Amino acid sequence: MKIGYPCINLTIGCKGDRTFRLKSYSEQRLIETVTNNINCLAAMLTFNVEHDLLFFRVTSDLVPFASHRVCQFDWHTYFKDQLTAIGSFIKSHNIRISMHPGQYTVLNSQDNEIFARSIKELEYHADVLDALGLDASAKIQLHVGGVYRDKRKSVQQFIDRYRNLNKRIKQRLVIENDDRSYTADDCIRIYEETGVPVLFDVFHHELNHSHSSITDVLATITKTWQAQDGIPMVDYSYHHPGGLRVSHAKSIDSADFERFLTITQPYDFDIMLEIKDKETSALKAVEIARGDMRFFHGKFTH
DNA sequence: CCCTGTCAAGTCACG
DNA sequence: CGTGACTTGACAGGG
């Protein structure tokens with residue numbers, strides 16, 4: 001089990017997700033921004049290793065507009081040395097990496113333009129992970145997409161599109177249950193048709209689930225990850241109970257997290273803590289996991 | 001320097 | 001029909 005947080009670090013004063021407006025695009029601006037973001041990525045990974053945070057999500061903003069037609073720059077070659085070095089660091093410290101394209105990436109879209117842009121975006125994400133030299137255990141997590149008032153048809157569209165993906169993308173793509181349209185059970189059904197691994201989001205499951213319990217789902221999704229995929233990834237967050245607004249908590253609820261670790265004790269997976277204060281909560285989670293080894297039988301990775 | 005409207009892109013629920 | 005939420009605030013022009 002590895003514990004991590006997504007995309008940006010709020011402690012080290014360098015977040016690595018700098019971007020700019022499309023109107024102000026220039027090759028010079030892109031190079032400056034990507035240089036900053038890559039340097040910050042290296043700094044964040046160094047911080048993480050020093051603090052036993054061995055799971056990290058790389059921001060989709062690493063190379064802004066990379067999948068947009070305005071970007072003709074060969075960033076892949078230009079930054080080859082730096083990316084290779086970061087990839088070596090990741091591998092030598094056994095860090096698990098994920099990426100998560102934004103809400104505009106919709107593989108099952110009914111609009112062919114949106115579909116084509118989504119492919120470009122997935123290619124960009126695969127480019128980043130390939131440039132880092134990472135194997136197929138570095139994943140790109142994606143929601144199934146739109147429902148378009150006909151879930152059966154929309155699921156079939158996803159399956160057809162998935163089957164036609166390049167191997168380069170397919171070997172990295174995993175699907176994640178979302179908070180309103182596709183439940184973990186829906187994702188599992190898609191796995192049965194395609195073999196695509198299922199990333200379990202605990203918070204989304206609480207908002208949008210069928211009958212299955214957390215442990216039922218974990219038992220099933222564990223089987224969707226094959227040897228080359230690595231152990232399952234799980235997104236964990238927490239929302240304030242009883243509140244009118246349903247939103248991610250500012251900081252981790254230690255009791256809830258400990259309860260979660262306890263009920264999921266038979267399963268091994270990497271946990272991404274999607275909590276606003278980022279590494280602060282992830283560090284608390286590491287302390288909880290480390291301090292309560294009787295639950296984990298040593299599965300927590302130091 | 002501060003303020004704030006706007007930002008590449010999609011889908012869906014809510015009023 | 002317009003707005004907000006989603007994985008998230010930051011950019012950039014005007015005062």
Side-chain angles (χ1 to χ4, degrees), chain A residues 4-10 13-26 29-30 32-33 36-37 40 44 55-71 97-125 139-151 153-155 157-158 161 174-183 186 199 201-208 233-239 243-250 271-279 281-282:
Chain A
Y5 61 96
C7 303
I8 57 172
N9 181 298
L10 302 176
C14 155
K15 295 195 288 187
D17 65 343
R18 243 169 65 186
T19 183
F20 51 86
R21 296 296 158 87
L22 181 59
K23 272 197 301 187
S24 50
Y25 182 92
S26 71
R29 189 71 191 269
L30 184 77
E32 283 170 20
T33 305
N36 169 78
N37 290 351
C40 288
M44 291 190 287
F55 187 20
F56 191 65
R57 184 181 300 161
V58 174
T59 177
S60 299
D61 279 332
L62 188 72
V63 184
F65 306 108
S67 72
H68 193 280
R69 58 193 151 66
V70 76
C71 179
I97 295 290
S98 66
M99 294 186 79
H100 192 349
Q103 67 265 39
Y104 305 109
T105 305
V106 185
L107 196 59
N108 74 344
S109 177
Q110 299 179 316
D111 181 326
N112 282 328
E113 300 278 311
I114 294 167
F115 169 58
R117 283 196 290 271
S118 297
I119 293 290
K120 290 256 181 229
E121 188 69 359
L122 290 173
E123 283 172 347
Y124 154 63
H125 284 75
K139 294 302 187 190
I140 300 168
Q141 62 187 91
L142 191 67
H143 295 299
V144 178
V147 173
Y148 313 108
R149 310 194 320 177
D150 185 344
K151 191 181 255 190
K153 192 172 149 212
S154 300
V155 164
Q157 177 79 299
F158 181 92
R161 295 257 171 88
V174 301
I175 54 173
E176 175 188 355
N177 56 306
D178 66 73
D179 59 352
R180 67 157 66 96
S181 301
Y182 291 96
T183 64
D186 292 328
L199 188 155
D201 186 309
V202 181
F203 180 56
H204 290 160
H205 183 71
E206 286 168 10
L207 298 175
N208 176 32
M233 294 176 173
V234 169
D235 281 356
Y236 170 91
S237 62
Y238 177 74
H239 60 98
L244 291 177
R245 286 183 312 121
V246 174
S247 62
H248 282 188
K250 283 191 188 62
I271 305 183
M272 181 65 66
L273 288 156
E274 294 187 328
I275 297 185
K276 289 215 186 301
D277 65 3
K278 303 286 179 184
E279 74 284 357
S281 283

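In this text the structure is predicted, and so the values were computed from the model without any measurement. Just so it is clear: chains get the letters A, B, ... in the order the sequence lines come, proteins before strands, and each one is counted from 1.
A/Gln141 and A/Asp201 share no donor-acceptor pair across their side chains, judged by distance under 3.5 Å alone. Between the side chains of A/Thr183 and A/Asp186, a donor-acceptor pair is found at a separation under 3.5 Å.
Remark: the separation of the P atoms in C/dG13 and B/dA8 is 12 Å, to the nearest Å. Atom P of B/dG5 sits at a distance of 13 Å from the matching atom of C/dT3, rounded to the whole Å. Here the separation of B/dT6 from C/dG4, taken at their P atoms, is 12 Å to the nearest Å. Look at the P atom in both C/dA5 and C/dG9: the space between them is 13 Å, to the nearest Å. Spacing between B/dC7 and C/dT8 at atom P, rounded to whole Å, works out to 22 Å.
If you take CG of A/Asp61 and P of C/dT8, they are 13 Å apart, rounded to a whole angstrom. Whole-Å rounding puts the A/Met272 CE to C/dT8 P distance at 11 Å. Atom C1' of nucleotide C/dT8 and atom NZ of A/Lys276 are separated by 8 Å, given to the nearest angstrom. One atom, CG of A/Asp179, and another, P of C/dG4, lie 18 Å apart when rounded to the nearest Å.
Within 4.0 Å (heavy atoms only), A/Val70 reaches no atom of the nucleic acid at all. Among the atoms of the strands shown, only primed sugar atoms or phosphate atoms (P, OP1, OP2) are found under 4.0 Å from some heavy atom of A/Ser109. Within the nucleic acid shown, A/Gly146 comes within 4.0 Å of sugar-phosphate atoms alone, with no base atom in reach, counting heavy atoms only. Among the heavy atoms of the strands lying under 4.0 Å from A/Tyr148 are primed sugar atoms or P, OP1, OP2 only; no base atom is included.
Relative orientation of the A/Tyr25 and A/Phe65 rings is perpendicular, given thresholds of 30° and 60° on the angle between their planes. The aromatic rings of A/Tyr5 and A/Phe56 lie perpendicular to each other, with more than 60° between the two planes, well past the 30° mark.
Inter-residue side-chain proximity for A/Ser154 and A/Tyr182 is flagged as met; some heavy-atom pair is nearer than 4.5 Å. With a 4.5 Å cut-off on side-chain heavy atoms, A/His100 and A/Met272 do not count as touching.
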Fill in the blank from the handout: Pairing string of DNA chain C (Watson-Crick or G-U wobble, both atom distances under 3.5 Å; | = paired to other strand) is ||||||..|||||||
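Nucleotides of DNA chain B that come within less than 4.0 Å of any heavy atom of chain A span, from the 5' end to the 3' end, B/dG5 to B/dA13.
Remark: side-chain polar atoms of A/Thr33 are paired, donor with acceptor, to backbone N or O of A/Arg29 under 3.5 angstrom. Panel note: side chain A/Asn208, backbone A/Asp178; a donor-acceptor pair is recorded below 3.5 Å.
A 6.0 Å sphere centred on NZ of A/Lys153 holds no more than 12 heavy atoms belonging to other residues, nucleotides or ligands.
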Using nucleotides 12-15 of chain C, report all nitrogen or oxygen pairs with the protein that are shorter than 3.5 Å.
residue: C/dA12; atom: OP1; partner: A/Arg21; partner atom: N; Å: 2.9
residue: C/dA12; atom: OP1; partner: A/Ser24; partner atom: OG; Å: 2.5
residue: C/dA12; atom: OP2; partner: A/Arg29; partner atom: NH1; Å: 3.3
residue: C/dA12; atom: OP2; partner: A/Arg29; partner atom: NH2; Å: 2.7

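Salt bridge A/Arg57/A/Glu274: present, at least one basic N to carboxylate O contact under 4.0 Å.
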